[in-house]
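These notes concern the structure reproduced below.
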Amino acid sequence: MYLKQQKALSSRLLAVLSELYQIAPDALAIEQPPEIKFGEYALPLAFELARKLRKAPRKIAEEIVAALGPVEGFAGFEVAGAGYINARLDRGAAAKAIAVDGEIALEGAGLHSLVEHTSINPNKAAHVGHLRNAILGDTFVRLLRAAGQKVDVQNYIDNTGVQVADIVVGLTHLEKLSLGDVQALMARLALEGRRIDYYCWDLYARVSQWYEADEAEKAARKKVRLDTLHAIEHGGNDTAAIAELISTAVLRRHLETMLRLDMEYDLLPRESEILHLHFWDLAFEQLKDKGVLYYETEGKNKGCWVMQRAGRTAEPLREEEALESEAANNGQAPDEDAKVIVRSNGTVTYVGKDIAYHLWKFGLLGRDFGYRRFFTYPDHQCWISAESGEPDHPNFGGAQAIYNVIDSRQADPQANVIQALRGLGYTEQAEHYTHFSYEMVALTPRCALDLGYEVSEEDQARPYIEVSGRKGFGVKADDLIDKLIEATRAEVDQRHPELSEEERGVIAKEIAVGALRYFMLKYTRNSVIAFDFKDALSFEGETGPYIQYAVVRTRSIFRKAETTAESALARMTDVDATPYLTGEENDGIWQVWLRAAKTSLLLDQCIATAEPAYLAKHAFQLAQEFSNFYRKHHILTEADPARKQFLLATAAVAQRELIRSLGWLGISAPEVM
RNA sequence: GGGCGAGUAGCUCAAUCGGAUAGAGCACCGGCCUUCUAAGCCGGGGGUUGUGGGUUCGAUUCCCGCCUCGCCCA
């Protein structure tokens, strides 16, 4: 409703501007007033026009208001302050519309997009940083789907990289295991109910130390690492077989961990196939043909295929810049800042392989993966890349828009890939390539000490300490989830001894997931999360459980009223809500309706800015306004039957929008809690 | 050395394209459970938005300098 009325207002205003001043701006700024007494929409446009028209803003605002006339759904317009135009909705009519209208209807419906998230190196357990990535990605997928887009969810697996090589070195050189021994080890771990990813967590930390431990052996050990990496990349040997075995087992564990938080994937593209299916060769041809890559014959990058770095535009430099640059470069000197794509020894860098992979994502490579079934969810299938796959598989790749959920440290390589696409002439694709960047999750020094890690004095003085898989320093995802469930379970046991063991377990899990997902979503993306158990295990205030609790309250009302939210909304057609919504004394109730009406607007904003935190905030604010309303207006004891109907509808609309918003955040609302 | 991000209440964070009295949560203090679930509600204190300039009707927001922290590249 809110978005629809905003558009109606906008188009009426454009007509008025054209009529009065013969101007046609591209877009009008429509704001939400800071206080309800200013109405529902605020228009600062008179300020902008003041200079152009050489008139006082207030005068312009008055002229516009006079020319507006009645607009359907609006109660009126007024000039406020130095020249704001405030628009007021007809509250009664709005409430009726909100009751029947779920809205949405956003641009971009039908678009085929691809979201890549999680992408954990399959060599150790997932930690809190990975959780932030996956929760952000999964939530964004839900948002895009809510807006009507067709979304493929991909989890890229670097199964032939240096991190997997490190684990293989650990198994073969520290543990001195053969391929057969590794198989036996995995069987034993499974039998003992131990998690392979946890085993690797410790082993990875040990290997990282082992490389550095002995100064005399350092070079030899680094060579072991490199040889192992090459053997894995090459494939067809025991080393590669061990890597395949262990990385696949760890990958399965990651999928299980993420499934605990209701996250599913459609496809797991792996680096091994990108290598073995020679994606790079095709990309290399395109890049050479279009002159994106050139062979450097001078300087430190001599013998490499390099690419001009993003930010260095091909546009001509301004004269003084050109002169300066020429002087500095002494005429013909090579671009030392260029990004190396193929090293002088012929190996391809990570960015090179990534360019090839992204050409595939947009359907521009001219080659496809094979696909095999890998992991079965209750209601759908997750596929994995393969050299030769099963004949019948869904189509992947060829997306119109892509989103890569990758932390902000990868901004530079991501920019290079976009630059390459642009250089190849794929401008449209480059425009629809979003590096969905986010900051890391770090631990507070307090948290690190609590976990028993040694923390230097220097680190203790910092606000946060970066998580490091290499040092085995961090909070494992499953440990955190276990801890959360334990805490919610204790609370549910105490509050609902009448429920069965199983019921209490389900509720505890729902609350734990709600707490964790909300915790990761309430921060905007470029804010570092300094993780602390105290905050993450909190169920009060701005948390998931607070919002879930508001829904539980509405459920309880409808149970006792022996009706449903749906029927309460359906009956709104017979209720004249105007008397219950008009006047300052009813602003609180109107706030609930108004906030509820904004869900689609928030969905739109979240997608446009790739920022799920706004929706998290919206759900919290709606829950707050409902809680306020709940305390103030006792529904079940309301004597006036018409007013009671209206109050029930208020609870119903709050419930509908809370459940919807929570659903997009990947959070369910229990029946009781 | 170059690039990116950040600096807002005691703490953790918001603040839409530059907009009306800079808002939440936590913590602290004081109230509210014989009425729909107190994982809640109400009230209170708490701010030179790192710093110095500039742009203008108006700056947490934009521009320039400086300081501090983090990350990336070399």
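Lettering of chains follows the sequences in order, A, B, ..., and the numbering in each one begins at 1. Note that the structure is predicted; figures quoted are calculated from it, not measured.
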Nearest to the side chain of A/Arg631 - B/C41, B/A39, B/U16? B/C41
Compare all side-chain heavy atoms of A/Gln5 with those of A/Glu40 and state whether any distance is below 4.5 angstrom. no
Quick one, A/Asp459 and A/Pro445 - any side-chain contact, counting heavy atoms below 4.5 Å? no
A/Asn86 side chain: which of B/A20, B/C36, B/A15 is closest? B/A20
Would you check, one step at a time, whether the test salt bridge (charged side-chain N to carboxylate O under 4.0 Å, His left out) holds for A/Glu657 with A/Arg595? CA-CA 9 Å; A/Glu657 297 306 319; A/Arg595 182 79 62 188; over 6 Å; no
side-chain hydrogen bond (donor to acceptor under 3.5 Å, both in side chains) between A/Glu439 and A/Tyr523: does it pass, once the steps are laid out? CA-CA 10 Å; A/Glu439 274 292 343; A/Tyr523 301 92; over 6 Å; no
Regarding B/U16, can its base be found pairing with the side chain of A/Gln605 as donor and acceptor, where the two atoms are less than 3.5 Å apart? yes
Under 4.0 Å from any atom of RNA chain B, heavy atoms only: list the residues of residues 665-673 of chain A that qualify, in numerical order. A/Val672, A/Met673
Among A/Leu665, A/Leu622, A/Leu662, A/Ile667, whose side-chain contact (heavy atoms from CB on, under 4.5 Å) with A/Ile547 holds? A/Leu662
Sequence neighbours excluded - ring-ring contact (aromatic ring centres under 6.0 Å, His included) pairs with any residue from residues 595-621 of chain A: A/Tyr546-A/Phe620
Atom CD of A/Glu584 with >12 non-hydrogen neighbours under 6.0 angstrom: no
Is it true that a side-chain atom of A/Arg58 and a backbone atom of A/Gly81 form a donor plus acceptor pair closer than 3.5 Å? yes
Would you say A/Arg553 reaches B/A38's phosphate, i.e. side-chain N/O to OP1/OP2 under 4.0 Å? yes
Using OP1 and OP2 only, check whether a side-chain N or O of A/Gln624 sits under 4.0 Å from B/G25. yes
For nucleotides 67-74 of chain B, give me one character per nucleotide, 5' to 3': B if any protein heavy atom sits under 4.0 Å from the base, S if the only such contacts are to the sugar-phosphate, - if neither. ---SSSSS
Quick one: do the A/Glu542 and A/Tyr518 side chains pair a donor with an acceptor below 3.5 Å? yes
Can you identify which nucleotide, out of B/C36, B/C13, B/A15, has its nearest atom closest to the A/Tyr630 side chain? B/C36
Do the side chains of A/Phe519 and A/Ile529 get nearer than 4.5 Å, heavy atoms only? yes
Using a 3.5 Å limit on both pairing distances, list the dot-bracket string of RNA chain B from the 5' end; Watson-Crick and G-U wobble pairs count, crossing pairs take [ ], interstrand pairs take |. (((((((..((((.....[...)))).(((((.......))))).....(((((..]....)))))))))))).
Using a cut-off of 4.0 Å on non-hydrogen atoms, how would the nucleic acid contact of A/Leu28 be classed: base, sugar-phosphate, or nothing? base
From the list B/U12, B/C17, B/C36, which nucleotide is the closest neighbour of the side chain of A/Ala29? B/C17
For A/Glu510, all residues meeting salt bridge (Lys or Arg N to Asp or Glu O under 4.0 Å), sequence neighbours excluded: none
Look at the side chain of A/His634 and decide which nucleotide, out of B/C36, B/G40, B/U21, has an atom nearest to it. B/C36
For RNA chain B, determine which residues of residues 540-548 of chain A have any heavy atom closer than 4.0 angstrom to one of its atoms, and list them numerically. A/Glu540, A/Gly541, A/Glu542, A/Tyr546
With sugar-phosphate meaning primed atoms plus P, OP1 and OP2, does A/Phe620 contact a base, only sugar-phosphate, or nothing at under 4.0 Å between heavy atoms? sugar-phosphate
Heavy atoms under 4.0 Å, any strand shown: does A/Asn628 hit a base, just sugar-phosphate, or nothing? sugar-phosphate
Can you check whether A/Tyr2 and A/Tyr41 have ring centres sitting under 6.0 Å from each other? yes
Using the side-chain heavy atoms of A/Ala42, tell me which of these nucleotides is nearest: B/A20, B/C42, B/U12. B/A20
Test log, rule side-chain hydrogen bond (donor to acceptor under 3.5 Å, both in side chains), inputs A/Trp664 and A/Thr139: CA-CA 6 Å; A/Trp664 296 341; A/Thr139 301; over 6 Å; no
Got A/Gln32 and A/Leu601 here, is their nearest side-chain heavy-atom distance under 4.5 Å? yes
